[in-house]
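Structure record follows, encoded as structure tokens.
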Amino acid sequence: VKKPDLLDEMLEVTRKLVKPFNHVRVDWYIHENRLVFGEMTFFHGSGFEKFSSLEWEDKMGSWFEVSKDLSYKKDVACAE
């Protein structure tokens, strides 16, 4: 697969967008040599897709550090 012409810009902007999140997928399109944002997806399969095994569910879950500290979201009201 050929490297997209705008890959460096795509990665630079993506790094800024994903900074506050443990996990998120960012979809991009290239249209008429312009980078176009698609969407940010926080849960594969809308959070309903099952893992192929409990072993992988545990393994992938161990990759995340879940914290109740939401101080980085200064402009977001959060209920506990």
Side-chain angles (χ1 to χ4, degrees):
V1 176
K2 181 181 174 265
K3 175 184 167 182
D5 294 331
L6 299 175
L7 182 61
D8 292 335
E9 179 184 355
M10 189 184 304
L11 292 173
E12 179 183 342
V13 176
T14 298
R15 285 184 188 100
K16 292 175 185 175
L17 288 172
V18 304
K19 193 168 188 156
F21 306 107
N22 275 322
H23 172 78
V24 63
R25 184 186 77 213
V26 181
D27 293 347
W28 294 102
Y29 304 93
I30 297 175
H31 178 68
E32 296 180 358
N33 206 35
R34 279 190 24 226
L35 190 59
V36 179
F37 174 77
E39 67 179 1
M40 294 174 70
T41 305
F42 296 92
F43 299 99
H44 183 71
S46 299
F48 293 103
E49 191 166 319
K50 297 192 182 294
F51 284 85
S52 58
S53 72
L54 288 176
E55 176 186 358
W56 272 103
E57 183 173 356
D58 288 339
K59 183 177 186 117
M60 291 179 74
S62 74
W63 297 342
F64 296 96
E65 180 180 327
V66 179
S67 171
K68 287 192 174 200
D69 178 16
L70 299 175
S71 59
Y72 65 88
K73 292 187 175 190
K74 296 176 185 170
D75 298 329
V76 178
C78 298
E80 297 220 44

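Counting from 1, the numbers follow the sequence of the chain as shown. Predicted model, so just to flag it, every value in this text is computed and none were measured.
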Within 6.0 angstrom of F43 CZ, more than 12 heavy atoms from elsewhere
no

Is Y29 reachable from V13 through a run of I, L, V, M, F, W or Y residues, each pair having side-chain heavy atoms under 4.5 Å apart?
no

With a cut-off of 6.0 Å (strictly less than), are more than 12 heavy atoms of other residues, nucleotides or ligands near CD of E55?
no

Taking C-beta and beyond as the side chain, do K3 and D8 meet within less than 4.5 Å on heavy atoms?
yes

Should V36 and V24 be counted in the same cluster of Ile, Leu, Val, Met, Phe, Trp and Tyr side chains packed under 4.5 Å apart?
no

About how many Å separate CG of L35 and CG of D5, when rounded to the nearest 0.5 Å?
11.5 Å

Please say yes or no: joined through hydrophobic side-chain contacts below 4.5 Å, possibly via intermediate residues, are F21 and M10 part of one cluster?
yes

Using side-chain heavy atoms (C-beta onward) and a distance below 4.5 Å, is L6 in contact with W28?
no

Has W63 got more than 12 heavy atoms of other residues, nucleotides or ligands less than 6.0 Å from its CH2?
yes

